[in-house]
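No hydrogens, no waters, no symmetry mates; every other heavy atom, side chains included, goes into these values. Throughout, a chain's letter reflects where its sequence line sits, starting with A, and its residues are numbered from 1.
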Number of protein chains: 2
Amino acid sequence: MASADQKPQQKAGIDGAGARMRLRVPSVAERVAEELRYQLAEGFLVPGAKLTEATIAEDLGVSRNTVREAFAELATERLLVRHPNRGVYVATLEAGDIHDVYTVRRAIEVSSIRAGGSPERIAAVRAAVEEGKRAAAANDNEGLGSANQHFHGAIVALAESGRLNTIMAQVLAEMRLYFHKATMNAHFYSDWLKENEQICSALESGDLERAGDLLLAYLNRSEQQQTTIHGQ
Amino acid sequence: MASADQKPQQKAGIDGAGARMRLRVPSVAERVAEELRYQLAEGFLVPGAKLTEATIAEDLGVSRNTVREAFAELATERLLVRHPNRGVYVATLEAGDIHDVYTVRRAIEVSSIRAGGSPERIAAVRAAVEEGKRAAAANDNEGLGSANQHFHGAIVALAESGRLNTIMAQVLAEMRLYFHKATMNAHFYSDWLKENEQICSALESGDLERAGDLLLAYLNRSEQQQTTIHGQ
DNA sequence: ATCGCTGGATTGTTGAACAATCCGGTAATT
DNA sequence: AATTACCGGATTGTTCAACAATCCAGCGAT
């Protein structure tokens, strides 16, 4: 945790060792941000759409100022863009942005997998692979997509770095803005199902070099696919 | 300067081709954030210090709500931490955070340098090296520190990725929180002055593999130094 | 020393207000 | 007809004042 000179909180009776009673009720602004994030990921709000403060404030039954705070948060996450004095809009990814996003992913994913990770973290990667297989067997496209995101999230989690994790989470959130419907034809997934398996087993066998190379190759190909689909 | 892709705005007669008249007056909240960032980097606000909304609002002559917006921004940059219902404090880096920060730096800096860059970007790296030499000759410790930051910023800039640049800018801003006073003994710098030179010439000669290795070694050593100084 | 209470201070959130800015359309100009 | 100037409505940027919720320190009672 960031700083926190938390004084050793006395654990009375019931509370297990080190287990902190995290009952934190998220603030209203945070919940508004969360709701918007949800609607963005779900495709309710399409890229380019305009969000007017007053409308959303009324819709969610909160103050305009609070909406403003939420907007600020989502803007720094690049999910929304602010046009000063003109309003906030749902972010749209141009061709350049796709390359940009993949540049970030190459940097942090490859670096994370090359450094290996604890058995538990590796097990988490394996779990994501299996999750993907199950989704494929069930013909669950939705589930396939999120399984893939879990897979790549688990790879970054190998590094045990809170900062890398939040960066990755933001990047994935950005990508969810596009992946929505459209662009969702199945023979995409058929590829990386096998590929994730390969990467994972390379990781499990300790061949980090190979795992990194495979992952890098995948990311390069994925970027190319995305650009041919989206940008021109 | 967070990132700043300031284009050299030449105001020819009326309006050059495609040159957008970027006169953008930053919003009040942005200026408050900027002012706080400045005070943080300058060491005016020490890690752990508490910032009360009302006080700062009055000091800067702005509304409490505006201060709030600025706080939110700086909190997502990890320069401030919010303790719900208790206030915001200047972030403090624990031992774990140092490792975390260096994990991010290893990921993005090494990845960036390994991919090479355009001659102009490489020239920028060289410029940072020379800036460091000049500062050393002038015995300017302050200048030495910022030259080093410019050097590493220039390395990330090789990748031409806006997202990586902002991430790096934030990480560097975080580190500035510590580097202040203390930890500033000169024989630190004597090392990396030579080392930056080596890295840079390896980069210039196209030996990206070697450049990456040198950079990685530097980062590892730097992390170790920081932990021995700071953490216990 | 521990517990519980209470008052004061700060944060979280709201609602209303107003200035600044932008947008579209209409009128005036060339 | 095309361009310019202007005007009104709408939205954002910012402030202000209020209030509920929460936390903190102190104090007294057990």
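A sub-4.0 Å separation between OP1 or OP2 of C/dT14 and a side-chain N or O of A/Thr66 is present. Between A/Arg82 and the phosphate of D/dT12, there is no side-chain N or O to OP1/OP2 separation shorter than 4.0 Å.
Residues passing the side-chain hydrogen bond (donor to acceptor under 3.5 Å, both in side chains) test with B/Ser118 are B/Glu120, sequence neighbours excluded. Taking A/Ile122 as the reference, A/Leu158, A/Leu203, A/Glu204 meet the side-chain contact (heavy atoms from CB on, under 4.5 Å) condition, with sequence neighbours excluded. When the ring-ring contact (aromatic ring centres under 6.0 Å, His included) test is applied to A/Tyr102, no partner is found at least two apart in sequence or on another chain. Scored by the side-chain hydrogen bond (donor to acceptor under 3.5 Å, both in side chains) test, B/Arg31 finds no partners at all (sequence neighbours excluded). Qualifying salt bridge (Lys or Arg N to Asp or Glu O under 4.0 Å) partners for A/Glu30, counting only residues two or more places apart in sequence or in other chains: A/Arg24.
Residue A/Gln39 qualifies as enclosed at atom CD: its count of foreign heavy atoms under 6.0 Å is above 12.
As a whole-Å value, the separation of A/Glu53 CD from C/dA16 P is 16 Å. Between A/Tyr89 atom OH and D/dT12 atom P there is a gap of 8 Å when expressed in whole angstrom units. The separation between A/Arg68 atom CZ and C/dT14 atom P is 15 Å, rounded to whole Å. In this entry the distance linking NZ of B/Lys50 with P of D/dA25 reads 10 Å, nearest Å. If you measure from atom CD1 of B/Ile56 to atom P of C/dT11, you get 10 Å, rounded to the nearest angstrom. Between the P atom of C/dT13 and the CD atom of B/Glu69 lies a distance of 14 Å, rounded to the nearest Å. Nucleotide D/dT12 holds its P atom 16 Å from the CD atom of B/Glu30, rounded to whole Å.
Counting only N and O atoms by type, the side chains of A/Ser222 and A/Gln224 include no donor and acceptor under 3.5 Å apart.
Nearest nucleotide to the B/Ser27 side chain, out of C/dA16, D/dT11, D/dG13: D/dG13.
In terms of position along DNA chain C, the nucleotide closest to B/Phe71 lies nearer the 5' end than the nucleotide closest to the other residue of the pair B/Phe71 and B/Asn65.
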Scoring nucleotides 18-24 of chain D by protein non-hydrogen atoms under 4.0 Å (B base, S sugar-phosphate only, - none) yields B---SSS
